[in-house]
Q: 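Handing you this structure, nothing more for now.
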Amino acid sequence: MRVAMIGTGYVGLVSGACFADFGHVVTCIDKDAGKIERLEQGIMPIFEPGLDELVERNVKAGRLFFTTDPAQAVREADAVFIAVGTPSRRGDGHADLSYVHAAAEEVAGLVDGFTVVVTKSTVPVGTGDEIEAIIARVRPDADVAVVSNPEFLREGAAIDDFKRPDRVVVGTEDERAREVMRQLYRPLYLNETPIVFTARRTSELIKYAANAFLALKITFINEIADLCEAVGGDVQAVARGIGLDNRIGSKFLHAGPGYGGSCFPKDTLALVRTATDAGTPLQLVEATVRVNDARKKSMAQRIANALGGEVRGKTIGILGLTFKPNTDDMRDSPSLDIIPALQAMGAKVQAFDPEGREARHMLNGVDFRDGPYGVAEGADALVLLTEWDEFRALDFDRVKAFMRGRVLVDLRNVYKPRDMEAEGFDYYSIGRAPVRAAVVPAPAAAAAE
Ligand code: NAD
């Protein structure tokens, strides 16, 4: 099969490279000439584990191409995927479909012969109908089937998620289009991955319902964490205790500073807007959005409380800036709420993230350091904000030697309270009682003296 992928971002590039690895001939197209130029030189525009090797292998095999010009690839394609961004529209929270509409318009002018136009972007219910109408307007003679095929990959594990998904969802009632989609996902078909064929609108809804449910699950355990703190429980044990119940499941039960990232915040908001417009408000999702926003905003005060309520003139070291580990994605990261709030309270912030280079353009007044020990230097408090592996086994003797204070705020519950107490920290985590540094008894005088 020949595939044209419009949009070469986190989803388009990973999907394109994986389809090429399945044996299809894929052209990834992007308007961003710098991105395409870098890709042609073998330089990845994003950080995603395993991506550089996957891209290199498929480029060498002659199955993966990059271009800024969609003309030839779209003309020759059996399937054209739209994988452009659908950010929140400023002001009202609806999904901004301008990139999707523009891509549809462009594709319409280029398709040749029967072509399946597939929406991989996360789009509100009814967008497939809009794309169909755009194509019909621009090219009344075009022989296309518009299909919804939402993407469920997670950044940081994107390749594995694409190649071994829990399911693939395909929304179309057109039998020719279903056959093209079957061929595209053939390796997964052979693996017995469930391929869920639905009507297009249902498929569009599945994506938002899935993201809203996961956001709700995170928000639920975050509220349980607050309750644990208030009444003396341990949220880690509660999460394990409920997660072992198969009806609940253990995933997405990690209490933390509130969800962020490029999907949950915008998708929950867009779903709320869709539901309100349809006259069937989703009150649980509305509450999720509200509670999560408040939670992210409350984290700075939580850090200040660990420092006795006052951070003016204090130095706070932040470990991790991306919204989760193993990605360079900074979109809607909790760090973007927490750090400016700490600065507004008068704190000096120094920070390090292994891949979050974009942070330098998104955060003002931060002293960016080269590693975790640089962040500890002169810090009154250290805050573990993103659970990168390299923060999971810190050399605490070094950390303490660099730090001025002894406060450790672990917003990801990476460490065990007892261990941190023994290390001599005042340790604050989520949904567990804080611990104060153990008072180490003065060494007994030697008997001989
Ligand atoms: P992104 O911003 O990383 O990439 C979008 C790319 O599309 C950009 O490189 C942009 O230059 C390009 N583009 C925009 N209009 C174009 C056009 N007309 N022609 C060619 N290129 C164009 O976005 P992303 O994170 O890959 O997300 C894409 C979609 O997938 C969104 O709808 C998102 O909600 C959804 N999604 C994202 C993830 C994720 O983890 N990032 C997971 C599942 C679904």
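Counting starts at 1 for both ligands and their atoms, in listed order.
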Q: Counting only heavy atoms not in Phe197 (residues, nucleotides, ligands), do more than 12 fall under 6.0 Å from its CZ?
A: yes

Q: Distance to 0.1 Å, residue and atom name: give those for the protein heavy atom nearest to atom 2 (O) of ligand 1.
A: Arg331 NH1, 3.4 Å

Q: Nearest non-hydrogen atom to atom 34 (O) of ligand 1 belongs to which of Glu155, His101, Glu105, Lys266?
A: Lys266

Q: Please report which non-hydrogen protein atom sits nearest to atom 7 (O) of ligand 1, along with the residue it belongs to and the distance in Å to one decimal place.
A: Gly7 CA, 3.4 Å

Q: Show the atoms of ligand 1 that are less than 4.0 angstrom away from any heavy atom in Ser262.
A: 39 (C), 41 (N)

Q: Taking Lys207 for its side chain and Thr122 for its backbone only, find out whether a donor-acceptor pair lies under 3.5 Å.
A: no

Q: Who's the nearest protein heavy-atom neighbour of atom 43 (C) of ligand 1, and how far?
A: Glu151 O, 3.2 Å

Q: For ligand 1, is any non-hydrogen atom under 4.0 Å from Pro150's backbone (N, CA, C, O), its side chain (CB onward), both, or neither?
A: neither

Q: Under a 3.5 Å distance rule, please check whether Arg369 uses its side chain to pair with a backbone N or O of Gln350 as donor and acceptor.
A: no

Q: Check whether Asn292 reaches the backbone of Tyr259 with its side chain - one donor and one acceptor, N or O, closer than 3.5 Å.
A: yes

Q: Provide, to 0.1 Å, the distance between atom 35 (C) of ligand 1 and the closest protein heavy atom, together with that atom's residue and name.
A: Thr122 OG1, 3.4 Å

Q: Using a strict cut-off of 4.0 Å, indicate which atoms of ligand 1 neighbour a heavy atom of Lys207.
A: 43 (C)

Q: Could you tell me the residue and atom name of the protein heavy atom closest to atom 42 (C) of ligand 1, and the distance to it rounded to 0.1 Å?
A: Leu153 O, 3.5 Å

Q: Are more than 12 heavy atoms from other residues, nucleotides or ligands located less than 6.0 Å from atom CG of Asp395?
A: yes

Q: Should Arg154 be counted as touching ligand 1, given the test is an N or O pair under 3.5 Å?
A: no

Q: As an exercise, identify every atom of ligand 1 less than 4.0 angstrom from a heavy atom of Lys35.
A: 8 (C), 9 (O)

Q: Looking only at distances, can you tell me whether any N or O atom of Asp32, backbone or side chain, sits closer than 3.5 Å to an N or O atom of ligand 1?
A: no

Q: In terms of side-chain heavy atoms, does Tyr427 have a donor or acceptor partner in Asp410 at a distance below 3.5 Å?
A: yes

Q: Could you tell me if Ser262 and Glu155 have a donor-acceptor pair between their side chains, going purely by distance under 3.5 Å?
A: yes

Q: May I ask you to decide if the ring planes of Phe391 and Phe352 are parallel, tilted or perpendicular, using 30° and 60° as cut-offs?
A: perpendicular

Q: With a 4.0 Å cut-off on heavy atoms, is Ala102 in contact with ligand 1?
A: no

Q: Heavy-atom count around Gln72 CD within 6.0 Å, excluding the residue itself: above 12?
A: no

Q: Check ligand 1 against Gly85 and write out every atom of the ligand that is under 4.0 Å from a heavy-atom position of the residue.
A: 5 (C)

Q: Any chance the rings of Tyr185 and Phe19 have centres within less than 6.0 Å?
A: yes

Q: Please indicate whether any nitrogen or oxygen in Tyr10 is less than 3.5 Å from any nitrogen or oxygen in ligand 1.
A: yes

Q: Would the number of heavy atoms belonging to other residues, nucleotides or ligands and lying under 6.0 Å from CZ of Arg392 be above 12?
A: yes

Q: Which is closest to atom 29 (C) of ligand 1 by heavy-atom distance: Val84, Asp30, Thr86?
A: Val84

Q: Identify the protein heavy atom lying closest to atom 18 (N) of ligand 1, giving its residue, its atom name and the separation to 0.1 Å.
A: Glu106 OE1, 3.5 Å

Q: Determine whether the aromatic ring centres of residues Phe152 and Phe162 are separated by less than 6.0 angstrom.
A: no

Q: What protein heavy atom is closest to atom 4 (O) of ligand 1, reported as residue, atom name and distance in Å?
A: Gly9 CA, 3.2 Å

Q: Nearest to atom 26 (O) of ligand 1, what protein heavy atom do you find, and at what distance?
A: Val11 N, 2.8 Å

